[in-house]
K.L.:
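Quick one: structure below, then a few questions.
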Amino acid sequence: MGIGGKSRVAKRSSSVSYASTVTTVVFVTLCVLGVWMLTSNSVSSPQTTTTTRTVSDTNSDIAFSGSNEEQPSKINEDQKDKAVFEDNPGQLPDEAVKPDDDKVSESDDLDKGKEGAAVEETRHGLQGKESAEEQEKQKMSETQISEESVLTQNQQSKQNGLKEVEDNKQMSNEEPIKVHQEETINNQDPSEDQDQIRVVEKKQINEKPKERRAKKKKKHAESIERPLETTVIGKSKKDDVAEMEDEPRVKKPKIQDQLEEDEPKGTKQLNQDQLEEDESKGTKQLNQDQLEQDEPKGNKLQNHDQQESQVQGIDNATFNDETKDKPEILNTTQTDTFQSLLKTKTNQETTEKDTQIEAQQQHESTSEETLGSTIPKESTESKNAWKSQKAQSENEKERRRDESSGKEGLYGYTWHLCNVTAGPDYIPCLDNEQALKKLRSTRHFEHRERHCPEEGPTCLVPLPKGYKRPISWPKSRDKIWYNNVPHTKLAEFKGHQNWVKVSGDFLTFPGGGTQFIHGALHYIDFLQQSVPNLKWGKRTRVILDVGCGVASFGGYLFDRDVLTMSFAPKDEHEAQVQFALERGIPAISAVMGSQRLPFPCRVFDVVHCARCRVPWHAENGILLLELNRVLRPGGYFIWSATPVYQKLPEDVEIWNAMSSLTKSMCWDLVIIKRDKLNSVSAAIYRKPITNECYDKRPDNNPPMCTENDDANAVWHVPLRACMHRVPINPAERGTRWPAHWPNRLQKSPYWLNRTQMGIYGKPAPQDFVKDYEHWTRVVSKLYMSGLGISWSNVRNVMDMRAVYGGFAAALKDIKVWVMNVVNLDSPDTLPIIYERGLFGMYHDWCESFSTYPRSYDLLHADHLFSKLEKRCKLQPVLAEVDRIVRPGGKLIVRDESDAIGEVENLLKSLHWEVHLTFSKDQEGILSAQKGDWRPTAYQASI
């Protein structure tokens with residue numbers, strides 16, 4: 001009739017005589033109850049049976065059965081203690097009840113549930129060791145708390161007596177013995193409890209194997225040492241969640257400490273009405289047939305329920321203190337979304353490994369498709385079916401790699417500012433002064449190409465003086481803060497062409513260019529009228545703008561639903577690409593030099609050059625042949641330059657050379673059209689869709705590339721003055737034009753072979769569809785509202801490890817653009833990304849990206865860092881992330897838990913604000929925001 005050792009010393013009465021009197025009254029009452037029970041065919045109350053079985057065997061799971069009837073009296077006994085620590089087996093699901101002959105090996109979670117019952121045994125064991133005075137005080141405290149529960153128990157015993165007789169007859173042979181022993185114990189003086197319990201334990205030990213006996217003794221010893229450090233059964237599901245939310249990152253909180261802390265606050269007590277309500281809601285007692293039916297699946301179902309309870313408990317356990325101060329970041333519904341989207345990752349192509357996983361999947365069948373069942377880990381078998389850019393590029397530049405995992409030096413890392421000439425505009429692979437000094441020639445613009453340091457920089461780029469948070473799109477297309485890109489040279493040289501102008505604190509962009517002084521929109525309409533088949537935003541979706549300037553052409557093509565990959569070198573046209581990025585227009589720093597562009601073959605619908613200052617006709621047209629490689633069969637090349645419409649000797653010479661070259665390349669000159677408003681003309685060419693013209697040429701010049709020349713190999717592959725044949729196999733990429741936008745976004749490319757295994761193990765077309773469905777759900781349910789991101793302030797986005805481009809596709813209805821990066825050693829899926837109307841490039845994240853500092857509002861890294869740390873250190877990678885993200889910009893990381901932890905440590909050392917980290921089943925997500933912090937000391941040398 002005790003309260004499981006939970007009485008508090010502070011409540012014990014100091015009056016020995018008063019305690020003795022009350023104890024005598026209770027004892028007489030118990031004796032009368034015992035005589036009545038003996039004369040009633042040894043009928044014992046359900047709660048007595050349950051308690052006896054728990055005392056007899058602390059490891060028996062059957063302690064949960066029949067606890068529904070025990071709950072009222074037990075709660076009454078505990079009502080003067082904190083209610084949140086009560087145990088209520090009646091709240092457990094039916095499948096959590098297990099027979100008493102289960103195996104002795106139990107999980108840690110089950111042990112927690114049984115420790116609440118073991119407290120009863122611990123209290124009796126401790127009483128035999130206490131002094132007489134302490135026993136009397138203990139009894140007094142128990143009596144004061146349990147007088148009401150005694151009366152309730154007597155009434156309940158009469159009502160349930162006959163039913164218990166029938167249940168006891170169906171139990172095993174040892175059950176009547178245990179019931180009888182409990183009845184005897186209840187009629188004995190409390191001073192004899194210890195001896196009686198030892199008799200019961202001795203009989204049970206004789207019936208159990210030695211292994212069980214050893215575990216029981218160990219359990220008993222632990223309960224004596226920690227009588228209050230247990231988790232008590234009996235809380236409702238909401239109480240469980242609330243308690244676990246209050247205990248982040250702590251597996252076994254000490255209840256004694258909590259009791260002492262909560263005592264001055266007081267706890268609410270349950271009245272009789274609450275007890276009756278709880279009893280009606282409790283789980284019905286399982287009979288023997290139900291126990292036998294549940295026995296073979298008891299372990300699995302109970303483990304599953306306890307696992308779900310733990311998941312509910314860690315909703316907010318991994319949020320840091322910063323999130324607690326930001327309630328707008330995550331509400332309860334959004335937290336539930338995390339749980340549904342961060343389920344266990346398992347391979348799609350493999351069957352379930354055991355019946356426990358099958359039970360979990362059946363339990364979740366009515367829920368939405370989770371991350372684990374939609375996007376599993378990449379299939380190892382699929383690696384044989386896909387080429388990587390690293391494998392394709394035979395002439396890849398050799399680099400020295402530090403194979404360190406990057407796990408050392410993460411804590412207390414000291415950052416310094418980069419001590420470089422470029423200052424706030426530092427691009428490590430383009431401003432490598434030591435490498436540039438070693439160049440033997442700059443004839444082919446080698447000095448504008450990438451020359452990365454052997455080890456990535458670990459310094460931080462300083463902010464320009466007076467830097468402000470960027471202006472949001474679409475206003476940013478027309479003006480930016482001058483202090484963010486404080487360069488005036490381009491305004492001085494190109495101001496009369498309406499490129500850029502200085503206006504107070506702003507740099508303004510009238511929308512003009514060298515070939516479209518009166519605005520890009522008029523120029524775009526002029527091109528559409530010249531070639532109606534262009535069909536901006538339908539047939540033409542992805543274009544390449546060479547020598548883009550400040551990228552006004554691409555900026556205004558957004559109004560026509562067209563994506564433009566703009567690029568220009570970092571040259572005397574100071575910061576032209578930086579202007580574009582600050583305006584919110586996609587652009588990269590690159591040059592038509594000695595190496596292939598970082599794009600696959602046959603992917604751009606249109607290639608555009610407006611006074612791009614590229615000598616297309618030089619050296620047998622090697623640069624124009626590179627454009628031929630990336631242009632889709634049937635695509636257009638738009639050339640708007642002075643040789644098209646001026647008659648100066650130099651222009652005439654270039655025009656004649658271009659005419660001869662394009663004819664030998666079998667390009668069809670569709671039209672030469674004059675724009676009267678801007679007083680310029682444009683020549684528009686079309687690439688052939690068959691090999692017929694190639695075969696009829698009198699001279700094989702330029703020559704056709706050899707069959708072993710992979711047109712998709714681009715990583716450090718030198719340019720080659722040859723042409724690749726147009727594919728003719730109907731199942732090969734390039735034989736058909738993609739569907740019109742936006743249909744091409746969701747449609748699986750026709751050339752994806754069903755016999756080819758996809759990245760995640762299913763047939764490639766199915767993989768494509770599942771990837772899109774997955775990212776659509778994740779973005780809508782989690783990213784849009786669950787990460788505290790104000791998407792109205794997001795414009796420039798990068799997916800650092802894109803697969804099929806599903807993340808970018810899910811953002812199509814938002815006014816953002818996404819640079820999809822396919823890693824060097826990843827399966828080459830970049831052609832698929834272009835086929836669906838998106839764009840991107842190849843890159844190796846062990847090197848710096850070809851962009852200016854402070855270029856992107858948001859970076860997304862899906863399982864990037866766990867793969868990268870096998871090849872290079874993470875410190876330089878995170879320094880690069882810090883370089884290209886704007887102050888106030890965001891980083892979203894989805895990765896293995898270990899990688900999440902390393903990234904979080906580095907971000908904190910960089911003074912980023914980590915909004916949340918959430919982990920489950922070794923998978924996690926992290927969201928962080930960059931601040932304005934910069935170190936004050938400069939690096940010694942670089």
Side-chain angles (χ1 to χ4, degrees), residues 249 318-323 401-418 426 428 452-453 455-463 787-788 798-801 821 823 843-849 851 853-919 922-939 942:
R249 304 182 184 273
T318 52
F319 289 90
N320 63 6
D321 295 336
E322 295 165 340
T323 306
R401 297 293 184 201
D402 188 343
E403 297 298 333
S404 170
S405 62
K407 295 182 179 179
E408 297 180 359
L410 293 178
Y411 299 96
Y413 189 86
T414 302
W415 299 94
H416 297 89
L417 293 175
C418 296
Y426 178 49
C452 299
E455 293 186 1
T458 56
C459 58
L460 304 183
V461 177
L463 294 175
L787 300 181
M798 178 186 291
D799 191 355
M800 299 178 71
R801 185 178 175 271
V821 177
N823 288 259
H843 183 61
D844 181 5
W845 281 112
C846 289
E847 299 178 355
S848 176
F849 195 76
T851 190
R854 306 169 300 280
S855 297
Y856 286 85
D857 299 302
L858 186 146
L859 298 189
H860 180 259
D862 182 35
H863 288 80
L864 169 69
F865 298 106
S866 58
K867 298 180 182 299
L868 265 184
E869 65 180 356
K870 299 176 182 177
R871 301 194 298 116
C872 53
K873 293 181 179 180
L874 289 187
Q875 291 97 325
V877 179
L878 267 296
E880 175 65 6
V881 168
D882 182 87
R883 187 184 71 86
I884 65 180
V885 173
R886 293 169 169 174
K890 311 295 194 304
L891 171 66
I892 302 174
V893 180
R894 303 167 63 91
D895 216 315
E896 298 174 2
S897 297
D898 292 342
I900 291 286
E902 295 182 34
V903 172
E904 181 181 3
N905 290 331
L906 278 167
L907 290 175
K908 288 181 177 179
S909 72
L910 289 165
H911 294 252
W912 281 49
E913 183 179 1
V914 180
H915 285 163
L916 75 88
T917 56
F918 183 90
S919 295
Q922 303 303 315
E923 296 289 335
I925 184 171
L926 176 148
S927 175
Q929 182 176 14
K930 179 180 176 180
D932 297 320
W933 177 83
R934 295 290 88 179
T936 56
Y938 279 85
Q939 194 178 43
I942 189 169

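All residue numbers in this chain count up from 1 along the given sequence. Note that these values count all heavy atoms, side chains included, but never hydrogens, waters or copies made by symmetry.
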K.L.:
Could you pull out the closest heavy-atom pair between E880 and W845, with the gap in Å?
P.N.:
CG-CZ3, 4.2 Å

K.L.:
Mind running side-chain contact (heavy atoms from CB on, under 4.5 Å) on L916 and I925 for me, showing each step along the way?
P.N.:
CA-CA 8 Å; L916 75 88; I925 184 171; 4.2 Å; yes

K.L.:
Measure the shortest side-chain to side-chain distance between R854 and P887 over non-hydrogen atoms and say whether it is less than 4.5 angstrom.
P.N.:
yes

K.L.:
I need the S919 OG to E904 CD distance, nearest 0.5 Å.
P.N.:
8.5 Å

K.L.:
Identify the heavy atoms of T458 and A879 that sit nearest to each other, and give their distance.
P.N.:
CA-CB, 4.2 Å

K.L.:
Can you sort out the partners of D857 under salt bridge (Lys or Arg N to Asp or Glu O under 4.0 Å), two or more places apart, ordered by chain and number?
P.N.:
R886

K.L.:
Not counting sequence neighbours, which residues clear side-chain hydrogen bond (donor to acceptor under 3.5 Å, both in side chains) with D882? List them please.
P.N.:
W912, R934

K.L.:
Answer yes or no: is there a side-chain heavy-atom contact under 4.5 Å between S848 and R883?
P.N.:
yes

K.L.:
What's the shortest heavy-atom distance between L910 and L878, and which atoms?
P.N.:
CD1-O, 4.0 Å

K.L.:
Stepwise, does the side-chain contact (heavy atoms from CB on, under 4.5 Å) test hold for C872 with V877?
P.N.:
CA-CA 8 Å; C872 53; V877 179; 4.3 Å; yes

K.L.:
Please test L463 against W933 for side-chain contact (heavy atoms from CB on, under 4.5 Å), starting from the C-alpha separation and ending with a verdict.
P.N.:
CA-CA 9 Å; L463 294 175; W933 177 83; over 6 Å; no

K.L.:
Which heavy atom of V881 sits nearest to which heavy atom of L859, and what is that distance?
P.N.:
CG1-CD1, 3.8 Å

K.L.:
Do N905 and Y413 come close enough that some side-chain heavy atom pair is under 4.5 Å?
P.N.:
no

K.L.:
Looking at every non-hydrogen atom in both residues, tell me the closest pair between C418 and V461 and how far apart they are.
P.N.:
SG-N, 4.1 Å

K.L.:
Does the plane of the ring in H843 sit parallel, tilted or perpendicular to the ring in F849? Use 30° and 60° as the thresholds.
P.N.:
perpendicular

K.L.:
Determine, stepwise, if the pair Q939 / L417 fulfils side-chain contact (heavy atoms from CB on, under 4.5 Å).
P.N.:
CA-CA 6 Å; Q939 194 178 43; L417 293 175; over 6 Å; no

K.L.:
Side chains of H860 and D799 only: does a donor on one sit below 3.5 Å from an acceptor on the other?
P.N.:
yes

K.L.:
A side-chain contact here means heavy atoms from C-beta on lying under 4.5 Å apart; do S927 and L891 qualify?
P.N.:
no

K.L.:
Under the 3.5 angstrom rule, does the side chain of N823 hit a backbone N or O of D844 as a donor-acceptor pair?
P.N.:
no

K.L.:
Listed by chain and number, what are the side-chain hydrogen bond (donor to acceptor under 3.5 Å, both in side chains) partners of S855, not counting sequence neighbours?
P.N.:
T851

K.L.:
Sub-3.5 Å donor-acceptor pair from the side chain of E896 to the main-chain atoms of E923, do we have one?
P.N.:
no

K.L.:
Test your reading of the model: is there a side-chain donor-acceptor pair from D895 to the backbone of G924, 3.5 Å cut-off?
P.N.:
no

K.L.:
Atom OG of S866 and atom CG of D898: how far apart are they, to the nearest 0.5 Å?
P.N.:
9.5 Å

K.L.:
Kindly indicate whether the side chain of C846, heavy atoms from C-beta on, has any atom under 4.5 Å from the side chain of L868.
P.N.:
yes

K.L.:
Testing the basics here: between Q929 and G888, what is the closest heavy-atom pair and its distance to 0.1 Å?
P.N.:
NE2-O, 3.2 Å

K.L.:
Would a 4.5 Å heavy-atom cut-off, applied to side chains only, mark L926 and I892 as touching?
P.N.:
no

